[in-house]
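Report on the following structure.
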Amino acid sequence: MSTKKSVLDLHQMKARGEKITWLTGYTYPVAAFEEQAGVDMILVGDSLGMCVYGYPGTVPVTMEQCIVHCEAVRRGAPNTFVVGDMPFMSYQVSDEEAVRNAGRFCKEAAVDAVKLEGGVRVISRIKAILDAGIVVCGHVGLTPQSSGQLGGHKAQGRTLEAAKTVIEDARAIERAGAQLLLLEAVPPEVAGFIRAELAIPVLGIGAGADVDGQVLIVSDVLGEFQAFTPKFVKRYADIAAVSVAALSEYVADVRGGRFPEERHCYRMLEGEGEKFAAWAREDVKP
Ligand code: KIV
């Protein structure tokens with residue numbers, strides 16, 4: 001069994017040039033698979049809104065849903081660094097609410113860090129959460145909770161001016177004291193510039209290879225999420241196809257009388273079967 005990494009271990013991995021592996025996880029069994037596979041970190045992302053609940057985006061996701069899934073993931077992966085994703089409206093209103101909600105992730109679900117979206121405009125929230133002694137991961141570039149303002153789920157930093165904005169956000173997050181940073185959907189040259197400049201680990205999703213580690217959505221990796229597949233996803237399995245084939249076989253077996261078989265039945269205890277048969281015959285006599 002591997003020992004759980006701390007944020008300092010993750011910093012040392014960056015210093016040694018070792019890539020950090022990160023996946024989202026939402027459930028007990030998948031978290032256990034991820035721990036067995038040796039991932040360094042699990043993100044209980046608000047992408048659970050789409051991947052688990054079938055919402056069209058992340059905005060409807062609640063604190064309660066995030067906490068319940070973090071608890072399940074913590075039970076499935078007790079020795080993995082778990083990051084709880086702060087859902088929309090859990091930190092936007094005030095520093096106080098941000099701290100209270102970040103604290104819930106730690107007290108109720110024993111996460112190792114919380115992640116919140118935004119750069120310069122959430123710096124006071126990041127500082128307030130850090131002041132409460134909680135490890136913070138920033139998230140800049142494409143920030144799905146505010147995708148309406150960005151004009152949709154679009155890559156960010158694709159012009160010089162836009163790249164400078166992403167870089168300013170990243171710098172502000174490190175200056176505020178956050179210990180980890182996620183870059184989403186930015187060009188590799190912008191991501192590489194940020195990785196080289198920042199001392200904290202810079203992880204990417206759709207940000208190319210020149211970062212300190214990668215995260216992907218596990219439902220994409222396993223081929224479970226079917227609504228759409230972003231360009232940056234590499235699919236490693238087709239769980240949807242395997243599942244539909246298995247479930248169709250079950251349906252056909254039940255309809256065709258091939259399930260259950262003798263080996264799936266609980267027989268009566270020795271001698272009880274005969275007694276039961278005799279009783280049943282008596283019982284049906286007129
Ligand atoms: O919620 C999520 O899954 C994310 C991804 C961008 C990794 O934040």
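Whatever order the structure lists them in is the order used to number ligands and atoms, beginning at 1. Note that the numbering runs from 1 along the sequence shown for the chain.
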inquiry  = Walk me through whether His139 and Glu184 qualify under side-chain hydrogen bond (donor to acceptor under 3.5 Å, both in side chains).
reply    = CA-CA 7 Å; His139 178 165; Glu184 179 167 356; 2.9 Å; yes

Protein neighbours of ligand 1 with a heavy atom under 4.0 Å, given by chain and number, are Thr24, Leu43, Gly45, Asp46, Ser47, Asp85, Lys115, His139, Glu184, Ile205, Ile217

#### Entry: Cationic N near anionic O, under 4.0 Å, Glu64 to Arg104
yes

Contacts of Ser94 meeting side-chain hydrogen bond (donor to acceptor under 3.5 Å, both in side chains) (sequence neighbours excluded), chain-then-number -> none

Please table the atom pairs, donor to acceptor, closer than 3.5 Å between any side-chain atom in residues 214-240 and protein atoms at least two apart or in another chain.
residue	atom	partner	partner atom	Å
Gln214	NE2	Gly208	O	2.8
Asp238	OD1	Ala241	N	3.2

| query | Strictly by modelled atom types, are His69 and Tyr28 linked by a side-chain donor-acceptor pair under 3.5 Å? | reply | no

Going by chain and number, the hydrophobic cluster around Phe88 (ILVMFWY, side chain to side chain under 4.5 Å) further includes Val59, Met89, Val93

